[in-house]
Amino acid sequence: MPVTLYHFAPSAPSRSSLLTARALKLDVDVKIVNLYAKEQLKPEFISINPQHCIPTLKDDDFVLWESRAINSYLVNKYAANSDLYPQSDTRTTATINRLLYFDAGSLYPAIRAICVSILFMSETKISKDKRDKLNEVFAHLNTFLEGCDWVAKGSNYTIADIAIAASVSSIVAAGWDLTPFPNMKRWFDKCCATLPGYEDNKEAAEMYGNAVRSKLDKGEI
Ligand SMILES: N[C@@H](CCC(=O)N[C@@H](CS)C(=O)NCC(=O)O)C(=O)O
């Protein structure tokens with residue numbers, strides 16, 4: 001029986017769970033919940049996820065939300081000990097978890113703060129504070145990637161690369177300049193070329209990025 005993923009492509013967390021399913025070659029039934037049409041507030045979706053956020057996973061009678069929790073669950077359940085999230089290697093798993101928390105607590109919020117204020121709060125310029133915050137977080141990510149191909153420093157990508165690449169792809173599509181962060185730029189290009197299902201992620205991130213750019217003064221980030 002396929003797992004069901006309630007998904008909306010403009011959402012980076014949602015795209016990260018779909019990318020994880022694609023990396024695992026899972027049979028997944030993608031059900032679109034159109035947030036622009038407020039479909040997440042329909043009683044049928046609230047009865048599945050009372051927090052009404054996507055992505056939401058339904059695996060038989062088990063329901064889970066929070067993208068990073070979904071991604072680790074999918075690997076643990078369907079590819080235990082895969083290099084994507086190797087439970088037998090405690091230190092690597094801990095490093096991946098650190099990076100997932102970095103994404104959830106620092107990176108994604110800095111990107112979201114910029115995009116939401118432009119898309120939904122009529123801002124046409126990015127404040128210096130928000131710009132500095134995101135560049136600070138990117139500088140950390142650039143340091144993590146010094147001398148390594150993947151963010152958890154192994155020889156393969158993991159669910160940390162997937163989650164972080166999904167977050168980064170939205171703001172890169174809006175035109176954010178990665179030139180000051182050469183390790184990150186190299187890593188991001190490698191993610192684009194390597195992650196299974198990345199084309200779909202790219203297409204959705206570009207639609208989102210174009211929407212952000214179209215609301216900015218002179219259309220420039
Ligand atoms: N931390 C959550 C964030 C989920 C989230 O904020 N989803 C947004 C879209 S990006 C959403 O569903 N918003 C609609 C709502 O909460 O009603 C995750 O990583 O899954």
Side-chain angles (χ1 to χ4, degrees), residues 3-24 26 28 30-59 62-77 84-85 96-121 123 130 133-134 137 141 151 158-174 176 191 195 197 200-212 215:
V3 298
T4 301
L5 186 70
Y6 296 90
H7 172 68
F8 189 49
S11 155
S14 203
R15 283 187 268 113
S16 101
S17 290
L18 189 57
L19 281 168
T20 301
R22 298 298 185 227
L24 292 168
L26 271 186
V28 51
V30 177
K31 288 200 192 303
I32 305 299
V33 180
N34 185 340
L35 301 186
Y36 297 155
K38 302 238 176 286
E39 285 179 2
Q40 81 276 22
L41 301 179
K42 287 187 171 172
E44 54 268 37
F45 188 65
I46 302 259
S47 71
I48 297 167
N49 174 355
Q51 198 183 325
H52 53 76
C53 53
I54 52 89
T56 295
L57 179 80
K58 194 161 183 301
D59 186 5
F62 179 61
V63 176
L64 185 66
W65 56 94
E66 286 294 339
S67 57
R68 299 156 197 88
I70 290 171
N71 302 351
S72 49
Y73 168 81
L74 288 176
V75 181
N76 288 340
K77 168 118 193 244
L84 280 172
Y85 190 56
I96 294 169
N97 289 342
R98 170 175 67 78
L99 292 159
L100 294 175
Y101 287 116
F102 168 77
D103 179 40
S106 300
L107 175 62
Y108 179 67
I111 295 169
R112 190 175 186 278
I114 290 172
C115 296
V116 165
S117 58
I118 295 165
L119 285 174
F120 305 114
M121 293 154 79
E123 286 187 18
K130 286 181 187 151
K133 183 71 213 164
L134 182 56
V137 179
L141 182 55
V151 73
T158 69
I159 57 172
D161 296 282
I162 291 175
I164 293 174
S167 296
V168 168
S169 60
S170 302
I171 196 81
V172 167
W176 204 269
C191 288
L195 300 182
D200 289 344
N201 181 82
K202 184 175 176 205
E203 193 182 314
E206 277 173 359
M207 278 164 59
Y208 185 82
N210 289 340
V212 170
K215 300 206 168 199

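Counting starts at 1 for both ligands and their atoms, following the listed order. Note that the numbering runs from 1 along the sequence shown for the chain.
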(message) Run R15 and E203 through salt bridge (charged side-chain N to carboxylate O under 4.0 Å, His left out) and show every step you take.
(response) CA-CA 11 Å; R15 283 187 268 113; E203 193 182 314; over 6 Å; no

(message) Quick one, Y85 with N71, criterion side-chain hydrogen bond (donor to acceptor under 3.5 Å, both in side chains). Give me CA distance, side-chain angles, the key distance, then yes/no.
(response) CA-CA 9 Å; Y85 190 56; N71 302 351; over 6 Å; no

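Applying the side-chain contact (heavy atoms from CB on, under 4.5 Å) criterion to Q51, with sequence neighbours excluded, gives N49, C53, W65, E66. Qualifying side-chain contact (heavy atoms from CB on, under 4.5 Å) partners for A104, counting only residues two or more places apart in sequence or in other chains: R68.
Without hydrogens or angle criteria, S14 side chain to P10 main chain gives no donor-acceptor distance under 3.5 Å.
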Once you restrict both partners to nitrogen or oxygen, which atoms of ligand 1 have a protein partner under 3.5 Å, and how far apart are they?
| from | atom 1 | to | atom 2 | distance (Å) |
| --- | --- | --- | --- | --- |
| ligand 1 | 1 (N) | E66 | OE1 | 2.7 |
| ligand 1 | 7 (N) | I54 | O | 3.0 |
| ligand 1 | 12 (O) | I54 | N | 2.8 |
| ligand 1 | 17 (O) | Q40 | NE2 | 3.1 |
| ligand 1 | 17 (O) | H52 | O | 3.1 |
| ligand 1 | 17 (O) | H52 | ND1 | 2.8 |
| ligand 1 | 19 (O) | S67 | N | 3.4 |
| ligand 1 | 19 (O) | S67 | OG | 2.7 |
| ligand 1 | 19 (O) | R68 | NH1 | 2.9 |
| ligand 1 | 20 (O) | S67 | N | 2.8 |

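Pairs engaging residues 32-55 under the ring-ring contact (aromatic ring centres under 6.0 Å, His included) rule: Y6-F45, F8-Y36 [sequence neighbours left out].
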